[in-house]
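These notes are about the structure you will find just below.
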Protein chains: 2
Amino acid sequence: MAAGYRVAVVGATGVVGEAMLEILAESALPLAEVFALASERSAGETVHCGGAELRVGELAKFDFSRADIALSSAGATVSAEFAPRAVGAGCVVIDNSSQFRYDREIPLVVPEVNPHAVAGHRGIIANPNCSTIQLVVALKPLYDAAGLARVNVCTYQSVSGAGRRAVTELAEQSAALLNGRPAQTSGGAKQAAFNAVPHIDVFQDNGYTREEMKIVWETRKILEDETIRINATAVRVPVFYGHSEAVHLETRDKLSAAEALEILAGAPGVSVIDEHKPGGYPTAASDAANRNQVFVGRVREDISHPNGLNLWVVSDNVRKGAALNSVQIAEVLAGEGVGLRKTA
Amino acid sequence: MAAGYRVAVVGATGVVGEAMLEILAESALPLAEVFALASERSAGETVHCGGAELRVGELAKFDFSRADIALSSAGATVSAEFAPRAVGAGCVVIDNSSQFRYDREIPLVVPEVNPHAVAGHRGIIANPNCSTIQLVVALKPLYDAAGLARVNVCTYQSVSGAGRRAVTELAEQSAALLNGRPAQTSGGAKQAAFNAVPHIDVFQDNGYTREEMKIVWETRKILEDETIRINATAVRVPVFYGHSEAVHLETRDKLSAAEALEILAGAPGVSVIDEHKPGGYPTAASDAANRNQVFVGRVREDISHPNGLNLWVVSDNVRKGAALNSVQIAEVLAGEGVGLRKTA
C-alpha cells in the first residue's frame, strides 16, 4: 500500500460520487487506497478513479477503521446512519448532505472562504449546498472589502443538482417533446424540459423552499455573520451541468463596478469574464461545465440602490458545488493535519 | 364588406404577427377586412386568420387609407418608416417595436393598467416590451394598494421573444446536442440550448442590457411614477414560449403575503396559482404557453426586508407579451372611439 490517505467515497455510483473519484485521482492528496461504497443495490458495480477500476462495496458492511477520510454524497438519512459509525472508527467524514450543516458544532466549509473552520471539527465536516458554495466564493472578497448588508439571489439551477435520474429525465423529456410526444413527469412535478420551475426541495412554512432557505442559513454560517439579510428564489432550468445565479447585493460601503471587478479578479477560485459584447459573460454550458472555478460576469452597479451591485455567478454544481469542494476540504485537513490519521 | 374595422397586420409572417391574426379572429373587435403585410421577401405567402386564408401583401406598397388600424410587429427601423406614412393616411398604428415607446408624446399602454393613456394618442400607440407587460399587470394592483418603492426582477425569458429563427435554433441545437453533435451558434453568441444566457439586446454604457433598461423605463412610464427604483437582470433560458420572472418588490406600506394574494386574485388579467406543493405554481411550458393571462405564484414575504414581497410571474410572451396586448389596445380604442375611423 502506498503512503497516504485511505479514502472512502460514499455514494460512489451517483453523479457527485463519480466526480469525487475523478477529482481525487487528479488531486495532490496522497492516496494510499480508495474505496468506492454505495447502497446494497449498487454494490458490485464498477466505477473509475483515474486509470483504476474499483468494485463498489456495500456501505452498510464497510469497516470504517480501514479508511482515514470518507467523502460522502449519499442522502441525509444515509449520512445520519453511517457518519457516527465512521467517526467512531476514527474516520473523518466530509459530508455533502444537509444532515449536519446546521449543527453549530459542525464546521461548514468552503476552502476559499473559511478554511480555518475545519480546525474545530469533531469528526464530521459538512460540505455546503451547491448553490451556496459558488455564491460565497464570489461574495467573500466583496464582503471583506466593503461588508454586506443584503443579498438577493435568483438561481438558474441545472438538473444534475437533483442527481443522475434528473439528468436522464431532462434528456428523455427533451427528445420526446422535439419528436412531438408528451414529456413524462412524475409526482405532480411540472416538466423540466423547455421550462423554468421555481421549486427545489420542500416548501417551508414561510413560503420559501428549503433550497432557498439553505442559501440563507449557509451563507450566514460560512461568512460568520448573522446580520446579513438574504433573500433567495431557487429555480430549476433545463441545463444539464452548471448553476447560474443572478446576485444583487448591497454592500455596507460603496464599491464601484470597477473596484468590484478588480477585487474579484484577484480572488481565490474566481475567474472573471466580463465584456460588454456577445459572449462576454460566463454561461453554464459554454464555460462552467467540467471546470473548477467560480465564474463571475455582468458586474455592474445597481441603479436602484446607492450601494447596490449586480453579479452573474456561474459554476459547475457537481464539481465546485459538491465533489471538488469536498476534496478541497480533505486537502485543507491534510495540510493542517487536524484530527486526521494517515497511513504511513 | 362587413361593418367594422379594417385592420392591417404588419409583420404578418412572424411569430407575433401570426398570433395577432389568430387573436384578431377570436376578438370581439368587429372586423370589416384584415390585411396581412410583410416585407417584399415574404409577400405572396399565405397566412391564416381564423378560418380565412390571407395572401401576404407587401408593406412598402400598401395604401394605408385602406386600413383603420395597423397592428405592427416589425422591427424598429421598419416602424420608423411606415408608421408616419400610415398615420398620414388616417390609420391608427399600434406598434410593437421599441421605436416609439420612449417618446413622451406617444402612449405606452397595457389595457389592464393604463387604458386611459390611449386618449392622448396622435396616431401611434406603443405596445410595451414583453417582459414589461406581464410585470406591470402583476405590479399594478399591489402598487394601487400599497405603493412601490423598489422592484428587482430577474427574468427567465423564452426564445420566441427573439423571433421564429430563435425558436428553430433552440430546437436544432437541442436535437444536435442530444445526438452528441455540437450546437451551431452564430455571431459570438453562447449556445441557447441547455444553457442560461444573461444577454438580451445590446449592452448600454451602464453595463445593463437594453432589455433590462426597457423594463426600467417602461415600468415607470406605464405606472406613471418616476420615483420607483427598478433593477433588472434579463436572462434567456431554453424555453420555447412563456417568460417567467422572479420579482422582488418593496412596497411603501406593508402588505402581507395573504393580503397580496387576495389583491392579485381579484386583479384584471391575473390568475393566481399558489399552493405549497409540487406543481403549486405557474410555469411557462405547463401553464402559460398559449394562454392569455398573467399567472402569479410563489407569493411570499421577503425575509430580507420589512416591506418586501416575492412573486413568480409567468405569461405567454407572444400573446399577452405582444399580440394579445396589441389587440386589447385596439379593443380599448374601439370602445372609446378615440381618433379612430370605422368603416360603416
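The figures that follow rest on heavy atoms only: side chains count, while hydrogens, waters and symmetry mates do not. Note on naming: letters A, B, ... go to the chains in the order of the sequence lines (proteins, then strands), and numbering restarts at 1 for each one.
With a threshold of 4.5 angstrom between heavy atoms, A/Asn206 approaches chain B through its backbone and through its side chain. For A/Glu275, the part sitting under 4.5 Å from any heavy atom of chain B is the backbone (N, CA, C, O) and nothing else. Within the 4.5 angstrom heavy-atom criterion, atoms from both the backbone and the side chain of B/Asp302 approach chain A. In this structure, chain B has no heavy atom under 4.5 Å from any part of A/Tyr241. For A/Glu172, no part sits under 4.5 Å from any heavy atom of chain B, backbone or side chain. Of the two parts of B/Glu245, neither the backbone nor the side chain holds a non-hydrogen atom closer than 4.5 Å to a non-hydrogen atom of chain A. Interface remark: B/Ser286 contributes backbone and side-chain atoms alike to the contact with chain A (heavy atom separation under 4.5 Å). Looking at B/Thr155, only its backbone comes within 4.5 Å of chain A, counting heavy atoms on both sides. Interface residue A/Leu178: only side-chain heavy atoms are found under 4.5 Å from chain B. Proximity to chain B is limited to the side chain of A/Val216, based on heavy atoms less than 4.5 angstrom apart. For B/Ala232, the part lying under 4.5 angstrom from a heavy atom of chain A is the backbone only. Contacts of A/Thr209 with chain B are made by both backbone and side-chain atoms, with heavy-atom separations under 4.5 Å.
Under a 3.5 Å cut-off, the side chain of A/Trp312 and the backbone N or O of A/Pro282 do form a donor-acceptor pair. B/Lys190 places a side-chain N or O within donor-acceptor distance of the main-chain N or O of A/Tyr281, the cut-off being under 3.5 Å. For the pair B/Asp225 (side chain) and B/Arg220 (backbone), a donor-acceptor distance under 3.5 Å is absent. Panel note: side chain A/His243, backbone A/Ser158; a donor-acceptor pair is recorded below 3.5 Å. Here the side chain of A/Glu301 pairs a donor or acceptor atom with the backbone of A/Ala257 at under 3.5 angstrom. Without hydrogens or angle criteria, B/Glu218 side chain to B/Thr132 main chain gives no donor-acceptor distance under 3.5 Å.
Between B/Leu311 and B/Leu142 there is a side-chain heavy-atom pair separated by less than 4.5 Å. With contacts defined as side-chain heavy-atom distances shorter than 4.5 Å, the pair A/Pro238/A/Phe194 does not qualify.
The candidate from B/Ala149, B/Ala196, B/Ala284, B/Ala289 with the greatest count of non-hydrogen atom pairs under 4.5 Å with chain A is B/Ala196. Annotation: maximal heavy-atom pairing with chain B below 4.5 Å, among A/Val197, A/Val237, A/Asn195, occurs at A/Asn195. The candidate from A/Asn152, A/Val151, A/Ile230, A/Asp287 with the greatest count of non-hydrogen atom pairs under 4.5 Å with chain B is A/Asn152. With chain A as partner, the option from B/Ala193, B/Cys154, B/Pro198, B/Ala189 having the largest number of non-hydrogen pairs under 4.5 angstrom is B/Pro198. The choice from A/Asn179, A/Thr283, A/Asn231 that makes the most heavy-atom pairs within less than 4.5 Å of chain B is A/Asn231.
Nearest heavy-atom pair, B/Phe203 versus A/Arg298, reported as atom, atom and distance to 0.1 Å: CE2-NE, 3.5 Å.
In summary, A/Glu169 and A/Arg236 do not engage in a salt bridge, as defined by a charged side-chain N under 4.0 Å from a carboxylate O.
If you look at B/Trp217 and B/Tyr102, their ring centroids are closer than 6.0 Å.
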